[in-house]
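Read the structure below first, then the notes.
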Amino acid sequence: MKHTSGAAGRRRHTLVSVFPQARPTTWEPQRVEVARTTVDDAVDVLSGLRFTALTGAGISTDSGIPDYRGPDSPPRNPMTYQQFVGDEEFRRHYWARNHVGWQHVDRTAPNAGHRALVELEERALLTGIITQNVDLLHEDAGSRNVIDLHGRYDRVICLTCGRVISRTHLAERLTELNPGFLESVGDVADIEIAPDADAVIESTAHFRPAPCEFCGGVLKPEIVYFGENVPRERVERAFALVDSADAMLVAGSSLTVMSGLRFVRHAAEAGKPVVIVNRGITRGDKYATVKIDSGTSDVLTELVRRLPPPAER
């Protein structure tokens with residue numbers, strides 16, 4: 001159960017983060033001029049259409065979860081799937097930090113942007129959401145048709161026997177194995193938290209990770225790491241959702257990695273309008289019919305207010 005929590009001030013650090021993206025990228029931001037850049041333009045393009053939304057970390061910043069690649073984000077060096085499964089030290093370091101950070105994500109609440117997408121869905125304008133986030137805030141807000149492309153933070157899977165357990169249950173086990181650890185770290189409000197619930201703490205050598213209680217295997221968050229593929233069935237459902245709509249709305253994603261960009265490119269190649277709302281340059285700007293360089297909460301709320309019902313079919 002999540003509990004409402006205001007966004008607290010956080011210190012700036014360099015993060016070693018296990019972030020749910022399928023592939024690293026060498027893409028460098030390059031500005032692309034998009035002719036249409038206002039909310040008026042977005043209303044004009046989307047009026048009468050049903051659209052699919054693709055969301056990224058930028059939609060959750062107003063809930064107190066920091067962006068991953070936003071203009072003000074600290075530098076981060078993502079841990080890969082290969083590092084996690086192949087190195088016991090990496091795993092211990094990760095679980096120690098996640099044991100602190102996941103509580104922050106668990107306490108967050110949906111913001112106005114999440115709630116706007118719920119209303120757009122209820123009005124039959126939004127066909128569904130493909131989210132790159134693992135924070136479950138869309139579901140918490142009340143969105144019904146959500147594809148968690150990169151998994152979800154609240155479940156853990158055993159890589160040996162395939163059992164899935166709740167992150168809450170694992171937290172209880174980790175607390176028993178590491179008495180006093182959380183108290184020794186201090187207030188989570190004073191710690192930098194990454195979008196995947198990784199927390200910046202330096203001393204983790206004494207932390208004891210928990211093996212699978214059924215087979216003794218390695219436990220891993222049920223999220224997609226760098227170097228790991230998004231499950232095919234999930235990708236196919238996402239493409240089908242894009243195909244079922246007349247247009248695509250991107251909210252709070254830099255589209256840096258192909259796991260999200262491919263859906264924008266697919267929509268554009270099919271001749272569907274693409275509206276991007278994001279602070280800063282995105283890798284998908286060249287596909288955009290409209291690009292609004294702004295935060296998501298205000299723009300999505302304005303779309304709720306101004307978009308008419310979809311055209312009769």
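- Side-chain polar atoms of Thr256 and Ser254 form a donor-acceptor pair below 3.5 angstrom.
- Cluster membership for Val43 and Val250, using ILVMFWY side-chain heavy atoms within less than 4.5 angstrom, is not shared.
- Within the 4.5 Å cutoff, no side-chain heavy atoms of Thr37 are placed close to those of Val290.
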Arg306 and Asp40: salt bridge (Lys or Arg N to Asp or Glu O under 4.0 Å), yes or no, with the steps? CA-CA 9 Å; Arg306 296 177 58 183; Asp40 288 340; 2.5 Å; yes
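- The aromatic rings of His114 and His138 stand perpendicular to each other, their planes meeting at an angle above 60°, with 30° marking the opposite boundary.
- Crowding of Glu88 atom CD: a count of heavy atoms from other residues, nucleotides or ligands under 6.0 Å not exceeding 12.
- For the residue pair Tyr153 / Asn98, no side-chain donor-acceptor distance below 3.5 Å is found, with atom types taken as modelled.
- Val242 places a side-chain heavy atom less than 4.5 Å from the side chain of Met248.
- Side-chain atoms of Arg91 come within 3.5 Å of backbone atoms of Val85 as a donor-acceptor pair (strictly under, hydrogens ignored).
- For an aromatic pair to be called close, the ring centres must be under 6.0 Å apart, and Tyr81 with Phe226 fails this.
- Looking only at distances, a side-chain donor or acceptor of Asn111 sits under 3.5 Å from a matching main-chain atom of Gly113.
- Judged by distance alone, with hydrogens and angles left aside, the side-chain atoms of Glu121 form a donor-acceptor pair with the main-chain N or O of Asn145 at under 3.5 Å.
- The neighbour count for Asp154 CG, taken as heavy atoms of other residues, nucleotides or ligands under 6.0 Å away, is above 12.
- Ring orientation note: the planes of His206 and Phe181 are tilted relative to one another, at an angle of 30° to 60°.
- Between the side chains of Asp41 and Thr38, at least one donor N or O sits under 3.5 Å from an acceptor N or O.
- Under a 3.5 Å cut-off, the side chain of Asn133 and the backbone N or O of Gly56 do form a donor-acceptor pair.
- Looking only at side-chain heavy atoms (C-beta outward), Lys220 and Phe84 come within less than 4.5 Å of each other.
- Placement of Phe263 and Tyr287 within a single hydrophobic cluster is found when ILVMFWY residues are connected by side-chain heavy-atom separations under 4.5 Å, directly or transitively.
- Counting only distance, with no hydrogens or angles, the side chain of Asp285 and the backbone of Thr282 share a donor-acceptor pair below 3.5 Å.
- Contact check on Glu176 versus Arg173 returns no salt bridge, with no Lys/Arg side-chain nitrogen under 4.0 Å from an Asp/Glu carboxylate oxygen.
- Under 4.0 Å is where a charged nitrogen must lie from a carboxylate oxygen, and between Asp246 and Arg50 no such pair does.
- Salt bridge present: Asp44 and Arg36 bring a charged side-chain N and a carboxylate O closer than 4.0 Å.
- The closest side-chain donor-acceptor pair between Gln132 and Ser253 falls under 3.5 angstrom.
- Counting only heavy atoms from C-beta outward, the side chains of Leu241 and Phe239 never approach each other to under 4.5 Å.
- Between the side chain of Glu269 and the backbone N or O of His266, no donor-acceptor pair lies under 3.5 Å.
- Side-chain N/O atoms of Thr52 and Thr127 include a donor and acceptor closer than 3.5 Å.
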Yes or no on side-chain contact (heavy atoms from CB on, under 4.5 Å) for Phe51 and Leu120, after CA distance, side-chain angles and deciding distance? CA-CA 10 Å; Phe51 49 88; Leu120 290 169; 4.2 Å; yes
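- No side-chain heavy atom of Thr301 sits less than 4.5 Å from a side-chain heavy atom of Val299.
- Grouping the Ile, Leu, Val, Met, Phe, Trp and Tyr side chains by contacts below 4.5 angstrom, directly or via other members, places Val34 apart from Leu255.
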What verdict does the salt bridge (Lys or Arg N to Asp or Glu O under 4.0 Å) test give for Arg115 and Glu119, after you've listed the backbone C-alpha separation in whole Å, the side-chain angles of each residue and the deciding distance to 0.1 Å? CA-CA 6 Å; Arg115 293 191 292 272; Glu119 189 165 347; over 6 Å; no
Evaluate His93 against Phe207 for ring pair (Phe, Tyr, Trp, His ring centres under 6.0 Å), listing each step before the verdict. CA-CA 8 Å; His93 191 60; Phe207 190 83; over 10 Å; no
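- A donor and an acceptor atom, one from each side chain of His150 and Ser259, are located under 3.5 Å apart.
- Of the possible polar contacts, one joining the Glu228 side chain to the Tyr225 backbone as a donor-acceptor pair under 3.5 Å is found.
- In this structure, Asp293 contributes its side chain and Gly280 its backbone to a donor-acceptor pair below 3.5 Å.
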